Amino acid sequence: MSKKLTSRSTDYSKWYNELVVKADLAENSAVRGCMVIKPYGYAIWEKMQAELDKKFKETGHQNAYFPLFVPKSLFEAEEKNAEGFAKECAVVTHYRLQNDPNKPGKLRVDPEAKLEEELVVRPTSEAIIWNTFKGWVQSYRDLPLLINQWANVVRWEMRTRLFLRTAEFLWQEGHTAHATKAEALTEAKLMNNIYANFVQDFMAIPVIEGVKTESERFAGADETYCIEALMQDGKALQAGTSHFLGQNFAEAFDVKFANKEGKQDYVWATSWGVSTRLMGALIMTHSDDYGLVLPPSLAPNQVVIVPIYKSEEDLEQITEVANTILIDLRKKNRTVKFDNRTTHRPGAKFAQHELQGVPLRIAIGPKDLANQTVEIARRDTLTKETVHLNDLINRVEALLEDIQQSLYNKALTYRDSHITEVDTFEAFKTALNDKGGFVSAHWDGTTETEDKIKELTKATIRCIPLENKQETGNCILTGKPSKERVLFAKAY
RNA sequence: CGGGGUGUAGCGUAGCCCGGUUAUCGCGCCACGUUUGGGACGUGGAGGCCGCAGGUUCGAAUCCUGCCACCCCGACCA
């Protein structure tokens, strides 16, 4: 394995794959399309989980867990949802293996052990959850029902990529039931907004909140809200979605309640989710040719201390200083690691921590001991400064905050400079191919036009931004009148 | 599922066309020594059912047949 990462400009896709593996985030497994998330990658995911989980609970949601398997008859109950996912479902048909009489030492599926009813491995859990909710709701007093689950799901994708699209992935899926349409709509928008705030504040990734067009909508939803981010290669990435499901699932699973007037009514529903795909967004937004760049809020180690020494005595003194720093920073709730491995030299440690995106590196050597200083290097700008021990803790605090903010600002500047308004189809194609990013254009509102544009350019409508400016114009493809611009992009 | 390609040590590879000593090289790994302010160096060492099965041959990584797996380009997608 070569030491240097393939550069982004050489081959963006290769850069991404190498980075994921070399930074020790994840690797491909023996199962086609499924990844192993390694401890360092999982630590980042756990930080995301912790923060999201807190936000969900603050807004009144509770965690629960539902089965991995969905009986086929339940799965097919909501027709549009079933149809939308049917092509990518793994299905369990048997429950037992046996020794293969023809091949010693090998196993085969026991043909006698065929299931009466096939079990679908959940690609999403609406079916099993709504079948369960049926028993939980009788009265308006049981509502709203605000449930979230952290789970794995399986979608049998044809082509997979680490974190961005894997056959099995981890996510959270919220499922809520409400007495009124207005309440459910408010919930769907609220959760989309929580996602937006999380991604912007914690992941330092700017997003556009919007709604999906009919063809991009979740199968079984009446409206899909989303947050869309822009990657460094100019492609858009859907970072989260929140669906207003209307009464579709309530009708399919017969979930009725008695309202205040004593009349039976179907409940109104939402579902919303973000997945390990966020890891992909994180990587592709901030990282550079030296490796991963992590915002301090998500870094498993926010600061790493590297000793530089010749003698054992030096190391002892450095260790003493390092331990003081460790204690002081931990008091500030910062995560710090003292990398005192004797098996690697400083240069190798520097390179590794850069590759893994540690926001700040503190180096302490003999010169520093003599001067009561340390050297601080920031990962995002790759700049170094020498700081006196007396000022160190405040300086670290300030730098960590600055890194968090400047990563966001940098990404925002890039994103905003890659939203191009166009009024003709020629300009549309030029913007898309020469510059990339979002292209803001008028569209006649039909699925046919959307499909045609996709066929001609590979670009899809990522979203209609919330609170979109209303302005009259003409569809770039058909010339038909339009009342607002929508955002197109090539997407992951 | 259509089109193209590749399987040789943990990883990346040479050799294959044109069969012939002990299968090449780099990274990584192990031991010892010297090193340590940006991926150290030297010496020594370990590691291979050459994807699997069959065939041709005195002899197969190399030729033939079948199978399997993976990758790339399409169609599908959080």
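On a predicted model such as this, the values are computed, not experimentally measured, just so you know. Per chain, numbering begins at 1; letters A, B, ... match sequence-line order.
No engagement by R341(A) is indicated, since no non-hydrogen atom pair under 4.0 Å with the nucleic acid exists. Counting non-hydrogen atoms under 4.0 angstrom, L237(A) reaches nothing in the nucleic acid. Within the nucleic acid shown, T166(A) comes within 4.0 Å of at least one base atom, counting heavy atoms only. Using a 4.0 Å heavy-atom cutoff across all strands shown, K458(A) reaches sugar-phosphate atoms only and no base atom. Nucleic acid contact class of Q238(A) (heavy atoms, under 4.0 Å, all strands): sugar-phosphate only. Using a 4.0 Å heavy-atom criterion, one finds that K367(A) contacts the bases of the nucleic acid, with or without backbone contacts as well. In this structure, Y492(A) reaches neither bases nor backbone, as no heavy-atom distance under 4.0 Å exists between it and the strands shown.
No hydrogens or angles were tested; on distance alone, a donor-acceptor pair under 3.5 Å links the side chain of E354(A) to the base of G38(B). At a cut-off of 3.5 angstrom, the base of G37(B) holds no donor-acceptor pair with the side chain of K310(A).
Distance K22(A) NZ to G12(B) C1': 10 Å, rounded to the nearest Å. Summarising the geometry, the separation between CZ on R379(A) and P on G38(B) is reported as 17 Å, rounded to the nearest angstrom.
G45(B) and U8(B): their C1' atoms are spaced 22 Å apart (whole Å). Straight-line distance between the P atoms of C71(B) and C11(B): roughly 15 Å, to the nearest whole Å. Comparing C50(B) with U62(B), their C1' atoms are spaced 10 Å from each other, to the whole Å. The gap from the P atom of G33(B) to that of C49(B) amounts to 33 Å, rounded to the nearest Å. Taking atom C1' in both G20(B) and C63(B), the straight-line distance is 14 Å, to the nearest Å. Straight-line distance between the C1' atoms of U6(B) and C18(B): roughly 22 Å, to the nearest whole Å. Taking atom C1' in both G7(B) and C67(B), the straight-line distance is 14 Å, to the nearest Å. For the P atom pair drawn from C64(B) and G19(B), the interatomic distance equals 11 Å after rounding to whole Å.
With rounding to the nearest 0.5 angstrom, the OG1 atom of T132(A) is 8.5 Å from the CG atom of L74(A).
Across all strands shown, C76(B) forms no Watson-Crick or G-U wobble pair with both key distances under 3.5 Å. Under the Watson-Crick and G-U wobble criteria, each requiring two contacts below 3.5 Å, nucleotide G7(B) is paired to C68(B). When both pairing distances are held under 3.5 Å, G33(B) makes a Watson-Crick or G-U pair with C41(B). When both pairing distances are held under 3.5 Å, C58(B) makes a Watson-Crick or G-U pair with G20(B).
Considering all non-hydrogen atoms of both residues, F66(A) and A64(A) come closest at CE1-CB, 4.0 Å.
Taking the six-membered ring for Trp, F163(A) and W45(A) have ring centres at least 6.0 Å apart.
The 5' end of RNA chain B is approached more closely, in terms of each residue's nearest nucleotide, by Y290(A) than by the other of R462(A) and Y290(A). Each of R217(A) and N28(A) lies near RNA chain B, and the nucleotide nearest N28(A) is the one positioned closer to the 5' end.
The side-chain tip of R361(A) points at the ring of F350(A) from less than 6.0 angstrom away and within 45° of straight on.
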> Can you check ring pair (Phe, Tyr, Trp, His ring centres under 6.0 Å) on F488(A) and F428(A), steps first, answer last?
Replying inline: CA-CA 9 Å; F488(A) 287 86; F428(A) 179 84; 5.0 Å; yes
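Judged by distance alone, the side chains of Q352(A) and Q356(A) do bring a donor and an acceptor atom under 3.5 Å apart.
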Distance-only check: which donor-acceptor pairs under 3.5 Å involve side-chain atoms of residues 209-218 of chain A, not counting sequence neighbours?
unit_1  : atom_1 : unit_2  : atom_2 : d
E209(A) : OE1    : N193(A) : ND2    : 3.4
E209(A) : OE2    : N193(A) : ND2    : 3.2
K212(A) : NZ     : E228(A) : OE2    : 2.7
K212(A) : NZ     : Q238(A) : OE1    : 3.0
K212(A) : NZ     : R462(A) : O      : 2.9
T213(A) : OG1    : E450(A) : OE1    : 3.3
T213(A) : OG1    : E450(A) : OE2    : 2.6
S215(A) : OG     : E450(A) : OE1    : 3.0
S215(A) : OG     : E450(A) : OE2    : 3.0
R217(A) : NE     : D222(A) : O      : 3.4
R217(A) : NH1    : D222(A) : O      : 3.4

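An OP1 or OP2 oxygen of G37(B) is reached within less than 4.0 angstrom by a side-chain nitrogen or oxygen of R345(A).
Picking from G37(B), G39(B), C76(B) the nucleotide with the shortest atom distance to the side chain of E157(A) gives C76(B).
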